[in-house]
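These numbers come from the heavy atoms of this one structure, side chains and all, not from hydrogens, waters or symmetry mates. Starting from 1, each residue takes its place in the sequence as its number. As the structure lists them, so they are numbered: ligands from 1, and atoms in each ligand from 1.
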Amino acid sequence: MGISGSGKQPNGSNMRRKRDIIISGFSKLLKEEKLKLVAEYFENPGEVVSLLKSFWHSDASQQKLFDEFSENTISNFYIPYGVVPNVKINGRTYMVPMVIEESSVVAAASSSAKFWSERGGFHSEIISTKKVGQVHFSWTGASLSLFQLMPQIREHLVNSVTHLTKNMEKRGGGILDIELIDMTDQIPTYYQLLVTFETKDSMGANFINSVLEEFGQSLKVFMAEQIQFTDSDRQLEIIMAILSNYTPECIVKTWVECPFSELDTVDEQLDGIAFARKFQTAVRIAQVDVYRATTHNKGIYNGIDAVAIATGNDFRAIEAAGHAYAARSGRYQSLSYVECTDDLFRFVLEVPMAVGTVGGLTSLHPLAKQSLEMLGNPTAPELMMIASTMGLANNFSAVKSLTTKGIQAGHMKMHLFNILNHFKANEQEKKAAIEYFKDQTVSFANVETYIASLRK
Ligand code: MEV
């Protein structure tokens with residue numbers, strides 16, 4: 001290992017590592033060595049090492065598993081693992097695991113789940129399950145001759161990856177289509193192969209990327225053998241081959257509905273019709289205003305991400321697809337919408353969602369595995385329905401609060417624990433504070449004053 005820019009470390013507090021030093025070979029150090037080196041960035045290295053180690057798994061073999069999920073692992077970062085009972089989807093009731101640090105999300109999802117379980121539950125259907133990948137390449141020849149060659153190219157490419165597709169085909173998946181797209185009006189000589197896949201219960205990222213990379217190599221070889229082309233036209237350059245996280249054909253639609261009269265009890269000030277109208281206007285605002293749309297959709301992903309993380313799925317991929325889908329009209333909009341008929345309120349969420357229930361972390365991470373078991377070992381489409389339901393549940397709770405009593409009352413009540421912990425309140429103080437703040441406004445300053453008064 002080398003450290004550039006460093007001399008001998010001086011003693012005392014100056015002994016702390018200079019932050020502008022570039023370290024090389026860090027990944028090759030032993031875990032203990034990494035820990036020691038990281039601790040040098042602090043004034044109290046001994047305590048830092050103890051704190052980081054206190055979050056290690058007590059079972060060394062389990063810890064090794066976590067270490068190997070990533071690179072340069074020195075500890076684990078805890079996030080609460082909660083559950084939401086009473087989630088009724090298409091007549092079946094689930095206990096849904098959610099991993100999230102934001103205090104009000106599980107509470108919001110739970111209240112929404114209970115509310116809708118008494119009004120027919122959530123309804124969900126899969127619109128489609130296709131995934132997409134691309135081989136981006138550069139070719140100098142005439143576009144027409146490439147299009148004419150496509151039937152042979154398709155056959156050649158599909159034959160070149162049978163070793164990769166064999167197992168997926170046994171599970172009912174595989175390559176669905178390979179389309180040539182001429183992009184030369186955007187970038188000179190740029191084409192792409194747009195490939196669609198069915199990956200069944202796996203998210204399919206590794207499968208798709210392996211197939212695409214192999215396609216790239218095979219396409220290059222195939223073109224080099226086309227003697228009808230000039231020397232330079234036989235040289236096709238592969239720019240890159242990668243799946244797309246935009247999955248507008250991997251879509252789940254989830255909704256709740258009830259007569260207006262069943263919304264009469266939502267708010268003291270509004271009857272069911274007035275509440276539904278106000279709620280609908282709030283959702284419309286998220287369709288016409290990008291500032292509101294972003295926050296509205298963030299509320300949806302509070303629910304979806306929490307299920308994705310709990311089940312070992314890639315929440316960044318899921319969110320990226322959702323935000324791109326929200327902008328598919330050319331304007332970023334709400335992913336949910338309200339349809340009111342003469343006497344029926346219907347709240348709908350339509351989202352793309354590439355998830356897996358086999359492969360990846362789903363069976364490697366012990367809690368992801370257990371989450372899936374808690375859900376009855378769902379298929380990927382079933383998990384799409386469950387995760388989107390939690391997105392809609394959170395979205396409903398948020399917009400309901402916003403259009404009635406406001407969001408802060410509930411949020412700050414949930415946040416009270418965080419503030420109390422900040423002041424290191426003991427159990428007795430916590431109990432007293434919870435009682436006191438039942439009818440008082442929770443704020444950082446108010447809690448500080450209250451705790452100080454208790455401690456006087
Ligand atoms: C907070 O995490 C999410 C909300 O802001 C969502 C929304 O405003 O719809 C409450």
Side-chain angles (χ1 to χ4, degrees), residues 79-84 87 96-116 122 254-256 263 266-267 270 275-310 315-316 318-323 325-327 331-340 345-351 353 387-419 421-422 441-444:
I79 297 185
Y81 180 104
V83 289
V84 177
V87 182
V96 180
M98 289 179 109
V99 171
I100 186 140
E101 87 300 343
E102 193 177 324
S103 40
S104 54
V105 170
V106 173
S110 299
S111 95
S112 187
K114 179 93 190 328
F115 181 89
W116 286 107
F122 295 85
T254 301
W255 69 100
V256 284
L263 298 172
V266 171
D267 186 58
L270 304 168
F275 167 74
R277 296 263 174 263
K278 196 171 176 193
F279 188 99
Q280 183 172 31
T281 305
V283 177
R284 276 203 189 132
I285 291 170
Q287 277 155 2
V288 299
D289 176 75
V290 68
Y291 288 97
R292 178 58 206 147
T294 308
T295 318
H296 181 97
N297 289 343
K298 187 271 184 185
I300 292 172
Y301 282 100
N302 274 345
I304 294 177
D305 285 359
V307 178
I309 298 172
F315 64 96
R316 285 91 54 214
I318 295 170
E319 275 222 19
H323 294 301
Y325 191 68
R331 168 193 200 168
Y332 184 86
Q333 291 182 299
S334 157
L335 286 162
S336 60
Y337 54 92
V338 173
E339 289 172 337
C340 286
F345 167 82
R346 180 179 291 131
F347 184 37
V348 189
L349 171 66
E350 200 186 290
V351 270
M353 202 182 297
S388 65
T389 292
M390 300 323 285
L392 186 69
N394 273 95
N395 193 204
F396 177 77
S397 265
V399 179
K400 174 166 82 80
S401 296
L402 288 168
T403 51
T404 55
K405 59 185 187 306
I407 208 80
Q408 276 315 82
H411 260 204
M412 291 312 281
K413 282 266 165 345
M414 295 304 300
H415 194 48
L416 177 59
F417 263 105
N418 290 344
I419 306 176
N421 283 335
H422 177 88
T441 306
V442 177
S443 73
F444 197 83

Inset, instruction - Give, for atom CZ of F115 and atom CG of L263, the distance between the pair rounded to the nearest 0.5 Å. - result: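 Rounded to the nearest 0.5 Å, the CZ-CG separation comes out at 5.0 Å.
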Inset, instruction - Decide if atom CZ of F417 counts as having more than 12 heavy atoms of other residues, nucleotides or ligands within a radius under 6.0 Å. - result: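 Counting other residues, nucleotides and ligands, CZ of F417 stays at 12 neighbours or fewer.
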Inset, instruction - Can you see which heavy atom on F122 is nearest to which on L392, and at what distance? - result: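 Answer, listing the atom of F122 first, then L392: CD2-CD2, 4.1 Å.
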Starting from [atom], find the nearest protein heavy-atom neighbour and note its residue, name and distance.
| atom | result |
| --- | --- |
| atom 10 (C) of ligand 1 | I407 CD1, 3.7 Å |
| atom 3 (C) of ligand 1 | N302 ND2, 3.5 Å |
| atom 1 (C) of ligand 1 | E102 OE2, 3.4 Å |
| atom 8 (O) of ligand 1 | R292 NH1, 2.9 Å |
| atom 6 (C) of ligand 1 | T295 O, 3.5 Å |

Legend entry - Residue from V99, I100, I304 passing side chain to side chain contact (heavy atoms under 4.5 Å, CB included) with I309: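 Exactly one option meets the side chain to side chain contact (heavy atoms under 4.5 Å, CB included) with I309, and it is V99.
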Inset, instruction - Indicate the ring-plane relationship of Y301 and H323, choosing parallel, tilted or perpendicular according to the 30° and 60° boundaries. - result: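 Y301 and H323: tilted rings.
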Inset, instruction - Return each pair, listed once, that meets salt bridge (Lys or Arg N to Asp or Glu O under 4.0 Å) where at least one residue sits in residues 287-306; pairs must be two or more places apart or across chains. - result: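 For residues 287-306, and leaving out neighbouring residues, the salt bridge (Lys or Arg N to Asp or Glu O under 4.0 Å) pairs sorted by first residue read E102-K298.
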Legend entry - Contact partition for L402 relative to ligand 1, non-hydrogen atoms under 4.0 Å: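 Contact part for L402 vs ligand 1: side chain (C-beta onward).
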Legend entry - Per-atom contacts of ligand 1 with K298, taking only distances under 4.0 Å to non-hydrogen atoms: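 In order of numbering, the contacting atoms are 1 (C), 2 (O).
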Inset, instruction - Just jot down the ligand 1 atoms closer than 4.0 angstrom to any heavy atom of A398, in number order. - result: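 Answer, ordered by atom number: 6 (C), 7 (C), 9 (O), 10 (C).
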